[in-house]
Amino acid sequence: MPDASRLRIAIIGAGIAGLTAAIALKDEPGVEVQIYEKTLELREVGATIALGPNGMRTLERLGVADALDESVAFRNESRHPMIYRFGCPQIVQRRTDLLTLDVISHYNTDEVVSFDTHSKSVEERHHTARFFRPHLQQTLARHLDPATLHLGKAFQSCSFNAELRKLVITFTDGSTEQADILLGADGIHSPVRQFFVSTSKTRITGWTTFRSVFPISHVENIPNLPREAVHIWGPDRTLFVTPLAQGLFSVVGSHQEDPNEPPETARHQVAAWDSTGTVNDLREFYKDWSPLVRSIVEATPYTKVYPNSAADGLETWVLGDGRVTLAGDAAHAHGGAYAAGGSLAADDGWAFAQAVRQLLARTGGWSSSTEASEEIAEAIRLYERTRKPHTDRVQQTVQRRNEVMVQRIGKVESDEELRWRISNRPDLRWIHEHDVVNAFSEALRGSDSR
């Protein structure tokens, strides 16, 4: 039976946002957290995931230091001042006083054109890292009591029972659970978001990715194989390749189609997320690219298809009469936030937990009184003020980028124009190095002034 003296929080979804929120609250004596996951086993759908300095700092802040370890996190060799690019016809050396995040290469020559940088203030252990998704999820899950995770529980509905003064959550198997707060962290097609905001619908962006993760032995004999994360741009598609921890390698091909095309001509857009693709499609996309790219794609043993979706930002994250909110893609279905989705989700989880702690501090301990119900709503508003201004800006930036990509379909781009576009891409350190601790402090000061 739930302990009535503790604030009971139900988290829907065991992805990064849900797990980090639960980890952040696991040692809070006045809180009981339960996680409900629709799958029958804890497995992350997808291939690779990147965490920027903000996400890495948050994991360390949560005590998940093992996620920063090289046994699960792969960082570029080029985080040092000297960059060695092995993916070119000859070794290219570039020197920078800053530290490298990602190398971007020309699609036909493999020439290094540009690179992203960390700010000087970023410590080495917080440098951008790439993970095989299951490795990261399993690492996070080890920090939780297995008894708090309930599998095979797909969300169906939620209502407030005035007599119990509890939310009653119903699952598709007919079972129910009670909670004081519901956090929907159930992904871009979030049933929780759709239940409480029926007008919120996802839409296809036309950007489709083909993702593969496999043992590096498939490609390790290829001459000049990149030994770091490399993003190769073409006029209408890209190829991302990176080694991963534990002897793995990832290939991610991406291309843009018109989201308004009929299904018969845009077949990849109607594929199910994480559906099996064909390597022949992948090879066809890159048949005119450099010999190095063709060698890597030819050696790729399989691929899966991921049609990209997005949704407009929500007017508010305070839902269900102030007792329900969202995190991760469920809150900000951006449709491809420059490989920042994992960090955004981790920061959401941390900020939500801090807002809950403020709730307990203000109330002096949990009570199901009317006043406490109002305090729950204020805690969720504090969480919203911490995160929503930043994620709204991210969504708007991604949406503008997607619109430009669609407008560019069919246009001929010269070699020099492509080089200019690569070299003049926007500086996105405001996304990857966002300071969620400072944002929470500012939101809290705003609460105190009111």
### Query
With sequence neighbours excluded, what pairs up with T139 under the side chain to side chain donor-acceptor pair (under 3.5 Å) test?
R142
### Message
Tell me if a side-chain donor or acceptor on R193 pairs with a main-chain N or O of A330 at a distance below 3.5 Å.
### Response
yes
Check: residues 235-243 side-chain donor-acceptor pairs under 3.5 Å, at least two apart:
from	atom 1	to	atom 2	distance (Å)
R237	NH1	F285	O	3.1
T238	OG1	H231	NE2	3.4

### Query
Can R401 be said to sit on top of Y338's aromatic six-ring, NZ or CZ under 6.0 Å from centre and within 45° of the ring axis?
yes
Name each donor-acceptor pair under 3.5 Å that joins a side chain in residues 53-60 to protein atoms two or more places apart or in another chain, with its distance.
from	atom 1	to	atom 2	distance (Å)
N54	OD1	S343	OG	3.3
N54	ND2	I431	O	3.0
T58	OG1	N54	O	3.1
T58	OG1	R61	NH1	3.1
T58	OG1	D347	OD1	2.5
E60	OE1	R125	NE	3.3
E60	OE1	R125	NH2	3.3
E60	OE1	H126	NE2	2.8
E60	OE2	R125	NE	2.6

### Message
Once you measure the plane-to-plane angle for H334 and H332, does it fall in the parallel (<30°), tilted (30-60°) or perpendicular (>60°) bin?
### Response
parallel
### Query
For D427, what residues pass the side chain to side chain contact (heavy atoms under 4.5 Å, CB included) criterion, not counting sequence neighbours?
R429
### Message
Quick check: F155 with Y36 (ring centres under 6.0 Å apart)?
### Response
no
### Query
Is the Lys NZ or Arg CZ of R211 less than 6.0 Å from the centre of Y306's six-membered ring, within 45° of the axis?
yes
#### Entry: Sub-4.5 Å side-chain heavy-atom contact between R387 and L344
yes
### Message
With heavy-atom distances below 4.5 Å as the criterion, would you say the side chains of I35 and L144 are in contact?
### Response
yes
### Query
Out of Q396, Q395, K201, R203, which residue meets the side chain to side chain donor-acceptor pair (under 3.5 Å) rule with D312?
R203
### D27: partners by salt bridge (Lys or Arg N to Asp or Glu O under 4.0 Å), with sequence neighbours left out
none
### Summary
Applying ring pair (Phe, Tyr, Trp, His ring centres under 6.0 Å) to F214 and not counting sequence neighbours gives H218
### Task
For the residue pair W317 and Y383, categorise the inter-ring angle as parallel (less than 30°), tilted (30 to 60°) or perpendicular (more than 60°).
tilted
### Message
Looking only at side-chain N and O atoms, does H118 offer a donor or acceptor that is under 3.5 Å from a partner on E433?
### Response
no
### Task
Could you walk me through whether F210 and V252 pass side chain to side chain contact (heavy atoms under 4.5 Å, CB included), step by step?
CA-CA 5 Å; F210 295 80; V252 181; over 6 Å; no
